[in-house]
Amino acid sequence: MPNYTEPMLRDDALKGKTILVTGGGTGLGRSMSTYFLKLGANVIITSRKLDVIETTAREMEAETGGKVLALASDVRSYEQVEQVINKGYEHFGKIDILVNNAAGNFISPTERLSSRAFESVIGIVLQGTINNTLALGKRWIAEKQAGTVLNIVTTYAWTGSAYVVPSATAKAGVLAMTRSLAVEWAKYKIRVNAVAPGPFPTKGAWDRLLPGDLKEKFDPAQKVPVGRNGEHQELSNLCAYLVSDYSAYINGDCITIDGGEWLKGAGQFSNLEAVTPEMWDVLEQFTRGAK
Ligand code: HXC
Ligand code: NAP
């Protein structure tokens, strides 16, 4: 296997850290949390489904030997988020790092959406990120404790995207918050960064964004210049670095990890990829002849 599927950081890179990962019971949150545990961290995972996070927690503990606290909560409720933080402090003594990973999303023509559909996605992605960041940030500042926040966004946070408008709107807000707070809270020793993944297969995303035979018709790997989807470990490697003290001088940035996907979509002539060498011979004659 190529080594981008292998763990990258030194074994003790997150030793002694406690990390709260929202939506940590499934998909990318679960993969990241597993790697954080392997690097010596304690992890708190949250989601609405207690059975899912409890099962995940036991499986992750068995796999890594680390300590996981699973707490059911809805990120849309500030009260529930505060309760999670209080329980996390009671259990582990402190929380050092927050990964805002929980999300809600599905494809739909915007005119088919109700205002409640918008409310739901924006509530999870934007208000959920605000709730966790504000509640934990207040505590860090009050206790004069350093902290690190990592927000999982997407590349359409800055390009926008048709058919996922609530998500694009919310992720854009999260990116603006990332950059704003990175400056405002640096004086409290709180760093805030973001990661924008391209396509990384997960059940949650694939069921809602590529339902039915859409995954065959619109294979996301086809749009990626490096020719493949992302591997969870390579995203986990990046996220572990960004929440670790090794990235102490990175603040307010958003790191894209998409194999060049969004730039290919943006480049006006990217579809000339389809032109064969023989066609280029002919086209060259025309372009050279255009005097
Ligand atoms: C139109 C829909 C809909 C759909 C729900 N609604 N699904 N409208 N098309 N497919 C409407 C409902 O009718 C309702 O409006 C409103 O949205 C809220 O629906 P609920 O089911 O009550 O919402 P809730 O239980 O809060 O569930 C949230 C959810 C759901 C977002 C709708 O999909 C979910 O739980 N998602 C969590 C996991 C997830 O989405 N993971 C994927 C992340 S992937 P009315 O008016 O009828 O009351 C991702 C990748 C980004 O973010 C980038 C990829 C490259
Ligand atoms: P996922 O497995 O569906 O993860 C989303 C998680 O959020 C679930 O565990 C879900 O659990 C939780 N969640 C949803 N609503 C919640 C709420 N109200 N309160 C608490 N938790 C809630 O999907 P994923 O692909 O791993 O996505 C993880 C992150 O990566 C998201 O931020 C997503 O936008 C981002 N991302 C993914 C991709 C990709 O290709 N996969 C690409 C770009 C960005 P419950 O339903 O149990 O609450």
Side-chain angles (χ1 to χ4, degrees), residues 20-34 44-57 70-78 80-81 84 99-129 131-132 150-157 159-161 163-172 174-175 194-212 215 218 220-221 223-224 229-232 234-236 238-239 254-259 261-262 265:
L20 168 55
V21 182
T22 67
T26 63
L28 303 182
R30 178 183 175 142
S31 297
M32 279 182 242
S33 299
T34 304
I44 303 160
I45 56 172
T46 72
S47 99
R48 293 165 297 178
K49 300 190 193 89
L50 185 62
D51 55 333
V52 172
I53 49 175
E54 275 186 338
T55 305
T56 299
L71 296 171
S73 81
D74 188 324
V75 291
R76 291 172 286 194
S77 156
Y78 189 76
Q80 288 182 34
V81 165
V84 163
V99 180
N100 284 305
N101 164 80
N105 199 3
F106 51 80
I107 48 166
S108 176
T110 306
E111 66 276 14
R112 293 172 69 118
L113 296 174
S114 65
S115 101
R116 269 190 34 84
F118 259 91
E119 236 174 70
S120 173
V121 172
I122 289 175
I124 300 168
V125 176
L126 181 55
Q127 191 63 47
T129 300
N131 287 343
N132 279 278
L150 183 65
N151 296 323
I152 311 301
V153 296
T154 72
T155 56
Y156 59 59
T159 63
S161 176
Y163 302 104
V164 283
V165 172
S167 172
T169 307
K171 294 284 192 186
V174 172
L175 184 56
V195 164
F200 283 75
T202 65
K203 184 167 170 22
W206 259 228
D207 283 357
R208 292 175 177 87
L209 303 175
L210 296 163
K215 51 184 88 47
F218 298 99
K223 285 177 59 211
V224 181
N229 290 326
E231 289 284 340
H232 285 208
E234 59 193 331
L235 178 68
S236 299
L238 174 63
C239 293
C254 175
I255 314 287
T256 302
I257 176 164
D258 75 340
E261 184 200 35
W262 85 267

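Along the sequence shown, the residues carry numbers beginning at 1. Atoms within a ligand are numbered from 1 in the order they appear, just like the ligands themselves. Heavy-atom basis, side chains included; hydrogens, waters and symmetry copies ignored.
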Kindly print each ligand 1 N/O atom paired with any protein N/O atom under 3.5 angstrom away, one pair per line, or none if nothing qualifies.
{"from": "ligand 1", "atom 1": "15 (O)", "to": "Ser114", "atom 2": "OG", "distance (Å)": "3.2"}
{"from": "ligand 1", "atom 1": "26 (O)", "to": "Arg76", "atom 2": "NH1", "distance (Å)": "3.0"}
{"from": "ligand 1", "atom 1": "26 (O)", "to": "Arg76", "atom 2": "NH2", "distance (Å)": "3.2"}
{"from": "ligand 1", "atom 1": "26 (O)", "to": "Ser120", "atom 2": "OG", "distance (Å)": "3.1"}
{"from": "ligand 1", "atom 1": "33 (O)", "to": "Arg208", "atom 2": "NE", "distance (Å)": "2.8"}
{"from": "ligand 1", "atom 1": "35 (O)", "to": "Arg48", "atom 2": "NH2", "distance (Å)": "2.7"}
{"from": "ligand 1", "atom 1": "36 (N)", "to": "Arg208", "atom 2": "NE", "distance (Å)": "3.4"}
{"from": "ligand 1", "atom 1": "40 (O)", "to": "Asn105", "atom 2": "N", "distance (Å)": "3.0"}
{"from": "ligand 1", "atom 1": "40 (O)", "to": "Asn105", "atom 2": "O", "distance (Å)": "3.4"}
{"from": "ligand 1", "atom 1": "40 (O)", "to": "Arg208", "atom 2": "NE", "distance (Å)": "3.4"}
{"from": "ligand 1", "atom 1": "46 (O)", "to": "Ser114", "atom 2": "OG", "distance (Å)": "2.6"}
{"from": "ligand 1", "atom 1": "48 (O)", "to": "Arg116", "atom 2": "NE", "distance (Å)": "2.6"}
{"from": "ligand 1", "atom 1": "48 (O)", "to": "Arg116", "atom 2": "NH2", "distance (Å)": "3.4"}
{"from": "ligand 1", "atom 1": "52 (O)", "to": "Asn105", "atom 2": "ND2", "distance (Å)": "3.4"}

Check: [Y] main-chain N/O paired with [X] side-chain donor or acceptor under 3.5 Å:
{"X": "Asn131", "Y": "Arg76", "answer": "yes"}
{"X": "Thr46", "Y": "Ser73", "answer": "no"}
{"X": "Gln80", "Y": "Asp74", "answer": "yes"}
{"X": "Thr256", "Y": "Asp258", "answer": "no"}

Distance-only donor-acceptor pairs under 3.5 Å for side chains of residues 107-116, two or more places apart:
{"from": "Ser114", "atom 1": "OG", "to": "Arg116", "atom 2": "N", "distance (Å)": "3.4"}
{"from": "Ser114", "atom 1": "OG", "to": "Ala117", "atom 2": "N", "distance (Å)": "3.2"}

Separation of Ser236 OG from Arg30 CZ (nearest 0.5 Å): 12.0 Å
For the CD1 atom of Ile44 and the CG atom of Leu20, what is their distance to the nearest 0.5 Å? 5.5 Å
Name each donor-acceptor pair under 3.5 Å that joins a side chain in residues 194-212 to protein atoms two or more places apart or in another chain, with its distance.
{"from": "Thr202", "atom 1": "OG1", "to": "Ala205", "atom 2": "N", "distance (Å)": "3.1"}
{"from": "Lys203", "atom 1": "NZ", "to": "Asp207", "atom 2": "OD2", "distance (Å)": "2.4"}
{"from": "Arg208", "atom 1": "NH1", "to": "Gly204", "atom 2": "O", "distance (Å)": "3.0"}

Does Val99 reach the side chain of Ile152, with side-chain heavy atoms less than 4.5 Å apart? yes
Which protein residues have a heavy atom closer than 4.0 Å to any atom of ligand 2, listed by chain and number? Gly23, Thr26, Gly27, Leu28, Ser47, Arg48, Lys49, Ser73, Asp74, Val75, Arg76, Asn101, Ala102, Ala103, Ile124, Ile152, Val153, Thr154, Lys171, Pro197, Gly198, Pro199, Phe200, Thr202, Gly204, Ala205, Trp206
